[in-house]
Every structure is written in structure tokens, then in C-alpha cells.
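So that the names make sense, note that chain A is the first sequence line, chain B the second, and so on, each numbered from 1. Note that this is a predicted model, so its numbers are computed, not measured.
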Number of protein chains: 2
Amino acid sequence: MKIGEAASAAGLTVKTLRYYANIRLVTPQISEETGYRKYAETDVAKLKFVGTARRFNFSIEECRELLGLYENKNRPSREVKKITLNKLDDIDAKLAELQKLKQELQTLANACDGDDRPNCPIIDGLAKS
Amino acid sequence: MKIGEAASAAGLTVKTLRYYANIRLVTPQISEETGYRKYAETDVAKLKFVGTARRFNFSIEECRELLGLYENKNRPSREVKKITLNKLDDIDAKLAELQKLKQELQTLANACDGDDRPNCPIIDGLAKS
DNA sequence: CATTGACTCTCCCCTTAGGGGAAGGGTTAT
DNA sequence: ATAACCCTTCCCCTAAGGGGAGAGTCAATG
């Protein structure tokens with residue numbers, strides 16, 4: 001099938017499919033006469049796989065690795081789990097950072113009256129130190 | 001003072017100060033003879049302010065806005081608080097997204113044995129749908 | 001048969017917030 | 001004089017595509 005059909009079948013954009021083809025992540029065949037990309041069903045399955053992995057915050061390079069394991073029917077599931085646990089660690093780190101930020105920002109916001117007057121603990125908090 | 005000194009006084013890099021000068025966020029004077037940037041104490045204060053705001057996840061454009069309020073001694077604190085509450089909403093949204101992601105990824109990871117065998121619920125989870 | 005509209009191609013610039021490094025000029029210390 | 005730093009501008013690089021121009025292709029209709 002052509003790229004537009006493959007894109008909507010995979011729930012991605014045409015631009016994304018071209019990008020993935022350029023970086024050799026999911027490589028369709030190329031029609032000899034027209035130069036059009038031709039996607040097989042297995043390509044669409046890979047695209048869906050990558051799309052889902054991307055939604056799980058895996059980077060393109062991690063997706064490339066996962067796709068290799070997806071295609072390798074002799075993979076040790078240990079490798080997949082390792083990548084996943086690393087991603088969970090990333091997420092935990094980001095959660096901790098955001099929670100701390102939220103805490104501090106909330107404290108500043110609570111101290112600010114938010115009225116017409118210029119006195120502002122938020123500005124003061126950003127300015128000091 | 002010259003850029004290097006200002007950078008270490010503000011806890012930022014020389015590259016960052018040049019960038020901020022280029023985008024007219026913090027604009028030092030320029031020495032006529034040498035072409036060197038010359039930072040005043042008030043510039044360093046602004047740089048510190050921006051540095052802190054950046055650490056609080058404010059974008060450059062938000063910093064520009066906050067800096068305007070920081071310099072405006074007649075600002076209504078309402079405006080500062082509005083920007084801050086918006087940022088808190090951003091953070092909450094990101095937290096919710098990450099927590100959902102973590103939950104789903106954790107469920108997949110828990111189901112995976114992580115051994116030598118190829119059977120892998122994580123791969124299956126990414127592939128299905 | 002020709003045209004029209006929808007699709008496809010490549011190529012290039014744009015995004016955030018700077019980092020890395022080259023090439024060239026200035027100042028100071030040995 | 002020469003080395004060791006400091007400063008300048010200029011250009012390319014990042015992640016993951018988005019937007020759009022200009023040109024070729026395909027299917028259906030008048």
C-alpha cells in the first residue's frame with residue numbers, strides 16, 4: 001500500500017513515515033517505476049509497534065532496539081525487560097524532579113496575593129540568591 | 001565586568017550569556033574599542049533571575065515576560081501569579097501523563113519474566129492493537 | 001482525450017535552548 | 001617574543017518531526 005494508507009493504518013503521519021524510512025527505522029520497498037514507497041502489512045505492524053513505543057516515551061534509538069528484539073524470535077526477554085526498567089527509572093527521575101518543582105512553585109504561588117499591588121513573593125523568590 | 005566573570009557570577013555559561021544577548025533577553029553594553037560585552041551588576045541580577053526561572057521550567061519567552069514584570073515596579077502581582085499558575089498546570093499535566101505511563105509500563109514489566117526465553121509480554125503489549 | 005483533484009516525491013527551512021569548535025584578535029605574564 | 005588565556009563572530013549539531021514549495025503520478029470525470 002502507499003504511504004498515506006499505511007500512515008492512517010498505523011495511526012501516524014505521512015511525514016513521520018518518511019522520516020522513519022530516511023533513518024532506516026521502518027524501510028518500505030520502493031517502486032521501481034514511480035519511486036513511491038510501498039508498505040507491506042509487516043511494515044504497518046512495525047509502524048504500530050514503534051508508534052506505541054513512542055507513546056511510552058521510548059526514544060527513536062530505543063525503538064530501534066526494541067524493534068530488533070520484536071523481530072528476533074530468539075530474543076531473551078531479559079533484554080526487553082532491561083530496556084523497560086531503564087525507561088521506568090527515567091520516568092521516576094522525571095517524576096521526582098517535577099514533584100519537587102511543583103512543591104516549590106506552589107509554595108511561591110501560595111504566598112502571592114495576586115492582586116493589583118506590585119508586591120510579589122514569586123518575583124522575590126526568583127530574584128533572590 | 002566581562003562575559004566570563006558575569007557568567008560565573010550568575011552560575012551560567014558564557015555560551016548562554018551570548019545566546020541571551022543575541023535574543024535580547026539580557027543585553028549588556030558593548031565596549032566601543034574591543035567589542036567585548038560589558039555586564040553591569042543589574043545585568044548579573046537579571047541573569048540570576050532568568051537562571052532561577054529556567055530551573056523552574058519557565059521557557060525563554062516566559063522568562064522574558066517575568067523579567068518585564070521583575071523590572072516593572074508597578075506590576076500587578078496578579079500577572080505574575082497567573083503565569084505561575086499556568087506553569088503549575090503544565091507541571092500537573094505532565095505529572096499525570098507520566099504517572100499513567102509509569103503505571104502501564106510497570107504493569108507490562110511485572111508481567112515479563114526477564115529471562116533467557118523469548119516469550120515477552122512487553123513486546124506483545126507494544127505490538128498489539 | 002484532456003483535465004482536475006488527490007496523492008506522492010525530494011528538498012529546504014523551522015522548532016528549543018543552547019553546546020562544540022574553528023578562525024581571528026586582545027591582554028598579560030614569563 | 002611567546003605562551004596562556006580571554007574575547008569575538010560564524011557555522012554546524014542536537015530530537016523528532018512539521019510546514020511548505022515545486023514537480024511528478026494516479027484515478028476519475030466531463
Handout entry: Beyond-backbone contact of A/Asp90 with A/Asn57, side-chain heavy atoms, under 4.5 angstrom
Key = no
Practice task
Give one of base, sugar-phosphate or nothing for A/Ile23, where a contact means two heavy atoms less than 4.0 Å apart.
Solution key: nothing
Under 3.5 Å, which protein N or O atoms sit close to an N or O of nucleotides 3-5 of chain D? Give each pair with its distance.
none

Practice task
Keeping the roles fixed (side chain from B/Thr52, backbone from B/Lys48), state whether a donor-acceptor pair exists under 3.5 Å.
Solution key: yes
Practice task
Without swapping roles, check the side chain of A/Arg37 against the backbone of A/Ile30 for a donor-acceptor pair under 3.5 Å.
Solution key: no
Problem - Pairs meeting criterion ring pair (Phe, Tyr, Trp, His ring centres under 6.0 Å) with involvement of residues 30-59 of chain A, two or more places apart - result: A/Phe49-A/Tyr70
Exercise for the section: Check whether more than 12 heavy atoms from other residues, nucleotides or ligands sit under 6.0 Å from atom NZ of A/Lys100, and answer yes or no. Expected result: no
Exercise for the section: Using a strict cut-off of less than 4.0 Å between a Lys/Arg side-chain nitrogen and an Asp/Glu carboxylate oxygen, indicate whether A/Glu61 and A/Arg64 qualify as a salt bridge. Expected result: yes
Practice task
Salt-bridge test for A/Asp124 and A/Lys128: reply yes if a basic N is under 4.0 Å from a carboxylate O, no otherwise.
Solution key: no
Exercise for the section: Indicate yes or no for a side-chain donor-acceptor contact from B/Glu62 to the backbone of B/Ser59 under 3.5 Å, with no hydrogens or angles considered. Expected result: yes
Handout entry: Expected output: side-chain A/Thr34 to main-chain A/Ser31 donor-acceptor under 3.5 Å
Key = no
So which protein N/O to nucleotides 10-16 of chain D N/O distances come out below 3.5 Å?
| unit_1 | atom_1 | unit_2 | atom_2 | d |
| --- | --- | --- | --- | --- |
| D/dA16 | OP1 | A/Ile60 | N | 3.3 |

Completion exercise
Within residues 29-47 of chain A, those residues having any heavy atom closer than 4.0 Å to DNA chain D are A/Thr34, A/Tyr36
Exercise for the section: Extract, from 5' to 3' on DNA chain C, the first and final nucleotides lying under 4.0 angstrom from some heavy atom of chain A. Expected result: C/dC7 to C/dC11
Exercise for the section: Rounded to 10°, tell me the angle between the two end axes of the helix from C/dC1-D/dG30 to C/dT30-D/dA1, each built from five pairs. Expected result: 40°
